[in-house]
Each structure stands twice: as C-alpha cells, then as structure tokens.
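All figures in this text were calculated on a predicted structure; none of them were measured in a lab.
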Amino acid sequence: MKRKIAKGSVLLFLVFFLVACEKELREVKYNYKIGKFEISSTYLVRGNEITQQISTVTVPYFMMDVSNEEEAK
C-alpha cells in the first residue's frame, strides 16, 4: 500500500512539474547575415507557441544612397 502511495505521489509531482515547465516564457534568438544585411530575430516562446516576434534588419548607409544617420531618417 505504501508503494502505491509513493508511486502515485511521484507521478503526481512529475505531472505538476511538466505542466509548470510549459507555462514558462523563454526567449529564443537568431542572428543571420545575408550579404551586407544583418537580421536579428527574437522570439518569446511558451511551450510550442510563439507569443511575440521582434525582428531588426540592419542595412549599411551606402545601400540607401545616404552618407549618415540624419539623412537616413
């Protein structure tokens, strides 16, 4: 009887632990470089679901025919 209670307790603990892990929000980052472009993507993930995506693309000034940041704005 004690073994059944112990096994049940361990099983219950594992179920709660695995469910708690699914609710944790984690951040996944990817960085790419394609020619002169630099692309950075950040994903906020909960379980198997992407909850938010943030992407940044960096382009050199000379590719936009400008010479500085003020002209680019």
Query raised in the report: Who pairs with Leu44 by side-chain contact (heavy atoms from CB on, under 4.5 Å), at least two apart in sequence or on another chain?
Result: Leu25, Glu27, Thr51, Gln52
Report task. Would you please name every residue forming a side-chain contact (heavy atoms from CB on, under 4.5 Å) with Val57, sequence neighbours left out? Result -> Phe37, Ile39, Val59
Query raised in the report: Got a sec, which pairs hit salt bridge (Lys or Arg N to Asp or Glu O under 4.0 Å) with one end in residues 30-41, sequence neighbours left out?
Result: none
Query raised in the report: Same cluster or not: are Tyr43 and Ile54 linked, directly or through other Ile, Leu, Val, Met, Phe, Trp or Tyr residues, by side-chain heavy atoms under 4.5 angstrom apart?
Result: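 No, it is not one cluster - the side chains of Tyr43 and Ile54 are not joined through contacts under 4.5 Å.
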**Report entry** Partners meeting side chain to side chain donor-acceptor pair (under 3.5 Å) with Ser55 (sequence neighbours left out)
**Finding:** Ser41, Gln53
**Report entry** Candidate list Thr58, Thr56, Asn31, test side-chain hydrogen bond (donor to acceptor under 3.5 Å, both in side chains), partner Ser40, passing option
**Finding:**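 Filter result, single survivor: Asn31.
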